[in-house]
Every structure is written in structure tokens, then in C-alpha cells.
Protein chains: 2
Amino acid sequence: MTGTKIRNMEEFASVSGISRPTLSKFFNDPSSVRTSTRQRIEAALEQYDYQPNLYAVNQNRRLTKNIGVVVPYLADPFFAKIARTIEEHIIETGYRPVLLGSHGSPAMEIANLDNLRSIKPAGVLLAPLGRASDHAKIEAFCGEVPTVLFDANIDGIGEAFVGSNNAQSIGLIVDYLCRTGEPPCFFEMKSPSNPNAFKRRSAYIAAMERLGHSPALIQAEGQGWEFEEIGFREGTRVVRDRNLPTNTLLCSNDRLAIGLLSAAFEAGLRVGIGEGCDLRVAGHDDHPFSRYTCPTLTTVSQDYEAIAKTSAAILLDRIESEETNDSRQERLFDGRLIMRASA
Amino acid sequence: MTGTKIRNMEEFASVSGISRPTLSKFFNDPSSVRTSTRQRIEAALEQYDYQPNLYAVNQNRRLTKNIGVVVPYLADPFFAKIARTIEEHIIETGYRPVLLGSHGSPAMEIANLDNLRSIKPAGVLLAPLGRASDHAKIEAFCGEVPTVLFDANIDGIGEAFVGSNNAQSIGLIVDYLCRTGEPPCFFEMKSPSNPNAFKRRSAYIAAMERLGHSPALIQAEGQGWEFEEIGFREGTRVVRDRNLPTNTLLCSNDRLAIGLLSAAFEAGLRVGIGEGCDLRVAGHDDHPFSRYTCPTLTTVSQDYEAIAKTSAAILLDRIESEETNDSRQERLFDGRLIMRASA
DNA sequence: TTCATAACTTTACGCGCGTAAAGAATTAAA
DNA sequence: TTTAATTCTTTACGCGCGTAAAGTTATGAA
């Protein structure tokens, strides 16, 4: 890149001594040209500053190298982290990730998909909002664009689903809590927007019954994605009323637990496993902030890496094999117990 | 949208009875055609499902309607929030935001700018990493694409800078802390990557001297963007050594404070303003999680909304007036004291 | 050396749209 | 009603690249 700017592929062809069709092949897939030719082109690229015009390229390709990544809420570090991991895997394979957040709004989720449609993505990785999502429109989108769902499942929609094995992970922490103290009651939202929440509730009930305990649910009012706020509000109420059936609370997710811990702290309750503690609190997800709560939060970590890697791999496989799938696979990954100070 | 799919503008012209050049004008700027014509087109758009091919459109335009938004770290809720606010303002004005995070890596920051270059953005809003950034390459980029910096300034680079008035906001909280208890010492990173950190340090020193106190700095070792971890580590050390010059700590940002609070909690120190408290801790930024720390964190909130709105407005103004600016303006917004329980 | 094959060059067309130019139709003002 | 200004239609070209077809050159095995 000695600075000489090249305006188009024609011009680059003349300065590099390679014909334009060959250059076109090269830019689409460097390995599709002879090694000696590739080296000549790469040498020329060192000298001249040229890259194909993205818009001209994509206009003539039926499907682009873009891959949409849509998550419910980008300001949630959990989704920011998993989205980032997915992005890395996509880039490695030579595709271009396009990251979009829906900010908890079903309308924006659909708007994001519409926006993606206009950039003709090769495929989309979608973590849907869940119950609030416009299922019909998402299904229509999946009919047009190869889409793999992750994190939250919608039955039958998309090429595949990749997520956490809530039955296993909740079972894991229920076992742990029962083994080390009083059986937990389950702290969740009354009308959660995420399908995982329902799975976790069922998994909690099943685990409790398996161990011969009777399940108990504490359900917080509130809508939307301000989970900490909801956890704090309901936590304050629970602590004030002091009519808990047990001293152990298992939260449906870490963000609720963060709010709950804050409420317990304000009320002067000691949370933890030691002597003199009033309450045990556990979460689920291993949220990035759960290491810094007071006390640090015992939780179950999802296998981010595996979920990100697998969902990207399945999508790319579907894209490159071009086969319309008949078998919609569901891949679930086990959680891992993260023991900290809160339970 | 009765479902009849239209393949291109030509086809839409024939079914709508409007000539293609007029349609082209309409899609570029609906107000550029007569009202009656616009209504006929809009009526046709209701019936037929058509939208111009994004790639064909942008190929022929010198500059697109894309606006890049680059932040240092998308997994930081602070940046996620301000980026979101900026996105909203951009969408309102009919442009398309393209959100990119640099994940703390200067190389990725440059890669993001290179990626943006290839989509020919009309302009870019950039919150640079700061000291670690490749200033030369950023400057070169700003020479090609109208760029407004926000959050972190790099002297002389870009069309403008929009950020917080650190002198004011730090002064504000130093005043408050001195008024209500012991003068604070300043808790920060020894080699911070963000230019705001230096401004805040200077502002702290200036405020202390103005009030006749001698400033004291506590500088945490550590690199990168894991501020909570760094705050926790250094916090643990500080608490263990117990050689603080004062019982009040002002943290350079909330994420350091979150780590510090966690360390204080683990060490059994009582943080807060009441009787029997060992320590007061304050932060800066009003991080989304600072409402849920234990105790809740007293801090200074940045004026997200104004920073987002103003930086977007200045950029759009520059884009639409097409004038190469000679006067690089810097706009700073005052912070607001958020009094909570920690100080 | 011979020859089949792979890889290349040359030529040419098309993608969907921006946009310029010239003439026709509409609108608003006189 | 006449006239001038807008706004439209028609026609045509170009953007930068994908890609097909036919001919040419390079490659490597026999």
C-alpha cells in the first residue's frame, strides 16, 4: 500500500497484470486460483491500495457474506458477551457479522429483521425476545432467510435451536442447595417474557419433587427487562413480610438475584452460608457482575462459548450445504455450578 | 402489502403507474415530489411489497445514509446505553446507524474503522479507546470521513468533540464529599487507558486545592478494561493495609467503585454515611448497576442524553452542510450529583 | 516430446439503480 | 385564457462487479 489508490477492479487488473475475471474469482475465494497467481495478486495488493466495492459485489451476488446477529438486549452484559463470542466465530469463517439489539421491544425485533432482509444476509443468528415476540413474523422471516435460534427457543421455528439445558442446570443447583441447607423456593417473575423462565420453573419443580421436597414459588410483578429493579422491588416486599417458607432463594436469573441481594442488604439481612446468616441466595447465568455482588453470587454458568460456537457452526453449515433442512435439531449445553459466597 | 412481490424499481414503476426516475427521486427524498404523486406512490407501496435494493442504491451514491457508531466496549452497559441513545437520534433523522464495539483493543478499533470505510459511511461517531488508540490511523480516517468524537477526546482530531465536563462533575462531588465528611482521596488506575481518567485526576487535584485540602491518590495496577476486577484487587489491598489517609474514597469511575465496594464488603467494612461506618465511597458515571451495589453508590451522572443528541446533531449538520470545518468545537456537558447510600 | 487438463485472458452481458437531457403534462399565476 | 414555472415521462448512459462463453496459455503426467 504505497498509497496509489485504485478506483476499481478494472484498474487494479491493469496495474497488476491479472485479468479482471481472475481477480473477481480471487476476491470471492482466494483458494480458487493457482498458488502462483494468488501470490502475484497478493504482491500487487501490497503495492496498491484496493478493495472491491462492497455494494457492487453484493448487488450481483444472490446472497451476501453478511450474517445477522440479533439479541434481545444489548445493554445486558450477558447478551453483549455471547454476541461478541458469536461475532468472533463468524469473522473467523470469513463472514461479516451485523449486530443488532432489540432493546426488549418486539416491534424493534421485527424492525431489525426487516433491516436485515434488506441487506440480504446469508443467514441470521437470533436470540428472540420470547413470548412477546411476533411469532408469525419471525416464522415468515425464517422461511426466507436461514435462521438459527439461540438462548431462547420458539418451537418449530428456525433451522435449529442452541441453548442451555435448563433442566440439568437448575437440577444441579437445586441439588446443591438441598444438600447444603434448606431446600430453596424459586424467585421469578410472574409473567416472564423469556421462554427459559418457564423451563427453569418446571425444572425447579421437577428437581424438588425428585428430592422429595415441595416446591414453592415467589412471583414478582412487573414487565419488561428491568430485572434488577423487579428483583429489588419484590425482594424488598419479601424481606419486609418475612413469611418465606425457607431461608433459601433460587432466582430464575442473576439479574433478579442482583436486585434481590440489594434489597436484602438494605433491609440489613445477612446473606450467605456462614453462621448467623439469614438468607441464602442463588442465581442462574453467571452474569458478569455476579462476581462483584455483596456477597458474591452462587450461580450456574451457561456454556457461552459452546452455545456461541455451535450456533454459528450450525448456521454456516446450513448456509454452505444449501440444503433446506427437514430435521430441526436442538442442541442443549450443560451448565456448571459456580460456588461463591451467597449460597 | 398484499404479498405481490416486486423485483425491482422498473417493475414497481409499471404496476404503480409512476416513472422510474420519479420513483428514484421519491425514495431518496419523499418530499422532493409533488404531494399528489407522493400519495399515489405510498398507496402503491401499501399494495405491493417493494423496497429498493440497498446495494444498487449505495453503489451509485457517493456517500450512503450509513452512520458508523464505534464504542470502546459494547459489553460495558455505560457504552451500550449511550450507543443506543445515539442510534435512536440517528434513525429519527433517516440515517442508518451501524454499531461496532472495539472490545478494548486498538487493533480492533482500527479494524472497525476500516470496515466502516468499506461501507462508505456519511459520517462516524467515535468514542475512541483513548491513549491506546492508534492516533495516526484515526486521524487519517477522520481526514476521509466526517467524524465526531464523543466520550473520550483526542486533541485536534475529528470535526468536534462532545463529552462530559469532568472539571465540573468532579468538582461537584469533591465539594459534596468535603462538605459532608472527610475530604476524599482519589482511587484510580495507575495507567488508565481513557483520557477522561487524566482529566478527572486533574479535576480532583484542582478541586481539593481550591478547598484547601491536600490531594491524595491511590493508584491501582492493572491494564485493560476489567475495571471491576482491578478495583476489587486494589481495594482488597487498600483495605488490608488500612493505611488510608482518609475514610473517603472517590473513584475515577463507577466500575472501579463496584469492585472496591465488593472488596470492602468481603473485608467486613461498613461503607456508608451513617454512624459506625468505616468508609465512604463515591463513583462517577452513574453506571446502570450503581443503583444495585451494596450500599447503593453515590455518584455523578453524565448527561447521556445531551451527549448522544448533540454529537449526532453536530455530525448530521456537518454532513448535510458539506462544509469542511475549520473550527473544531468542543462541547462539554455538566454532570449531576446522584446521592445514594455509599457517601 | 505429446497431450489432456487446469487455469487463465478476452469479450460481452446483466444486475438494479442514479441521474442527465429533452420533451410532455400539469399546475399556478397573470 | 394565456403563460411561465413545476413536475412529470421517456430515453439513455454509467456505476463496479459477477459471470458465462470461447479461445489461449501454462502445467504436469505419460
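The sequence lines fix the lettering, A, B, ..., with proteins before strands; numbering per chain opens at 1. The analysis underlying the following values was restricted to heavy atoms, covering all of them including side chains, and did not include hydrogens, waters or symmetry mates.
Distance CG/A:Asp151 to OH/A:Tyr304: 10.0 Å, rounded to 0.5 Å.
Side-chain atoms of B:Gln59 lie closest to D:dC15 of the nucleotides C:dA20, D:dC15, D:dG18. If you check D:dG16, C:dC8, C:dT9 against the side chain of A:Val33, the one that comes closest is C:dC8. When distances are taken from the side chain of B:Val57 to each of C:dT11, C:dC17, D:dG18, the shortest belongs to C:dC17. You'll find that the side chain of B:Arg34 is closest to C:dT26, out of D:dC15, D:dC17, C:dT26.
Put simply, CZ on B:Arg38 is 11 Å from P on D:dC8, counting in whole angstrom units. Here C:dA7 presents its P atom at 12 Å from CG of A:Asp29, a figure rounded to the nearest Å. Rounded to a whole Å, the NZ atom of B:Lys120 is 9 Å from the C1' atom of D:dG16. Regarding B:Phe27, its CZ atom lies at a distance of 15 Å from the P atom of C:dT19, rounded to whole Å. Rounded to whole Å, atom C1' of D:dG18 lies 15 Å from atom OH of B:Tyr55. With rounding to whole Å, B:Ile18 atom CD1 is found 11 Å from D:dT7 atom C1'. Between B:Phe12 atom CZ and C:dG16 atom P the separation is 16 Å, expressed in whole Å. The nearest whole Å value for the distance from the CD1 atom in B:Ile6 to the C1' atom in C:dC17 is 16 Å.
Salt bridge status for B:Glu144 with B:Arg117: present, with a side-chain N to carboxylate O gap under 4.0 Å.
Among the atoms of the strands shown, only primed sugar atoms or phosphate atoms (P, OP1, OP2) are found under 4.0 Å from some heavy atom of B:Pro52. No contact: A:Ser36 has no heavy atom under 4.0 Å from any strand.
No hydrogens or angles considered: nothing links the side chains of A:Asn53 and B:Gln59 as a donor-acceptor pair under 3.5 Å.
With hydrogens and angles ignored, a donor-acceptor pair closer than 3.5 Å exists between the side chain of B:Arg20 and the base of C:dT19.
An OP1 or OP2 oxygen of C:dG18 is reached within less than 4.0 angstrom by a side-chain nitrogen or oxygen of B:Asn28.
Heavy-atom neighbours of A:Lys120 NZ from other residues, nucleotides or ligands within 6.0 Å: above the threshold of 12.
Taking all atoms of both residues into account, the shortest heavy-atom contact from A:Leu332 to A:Ser164 is CD2-O, 3.7 Å.
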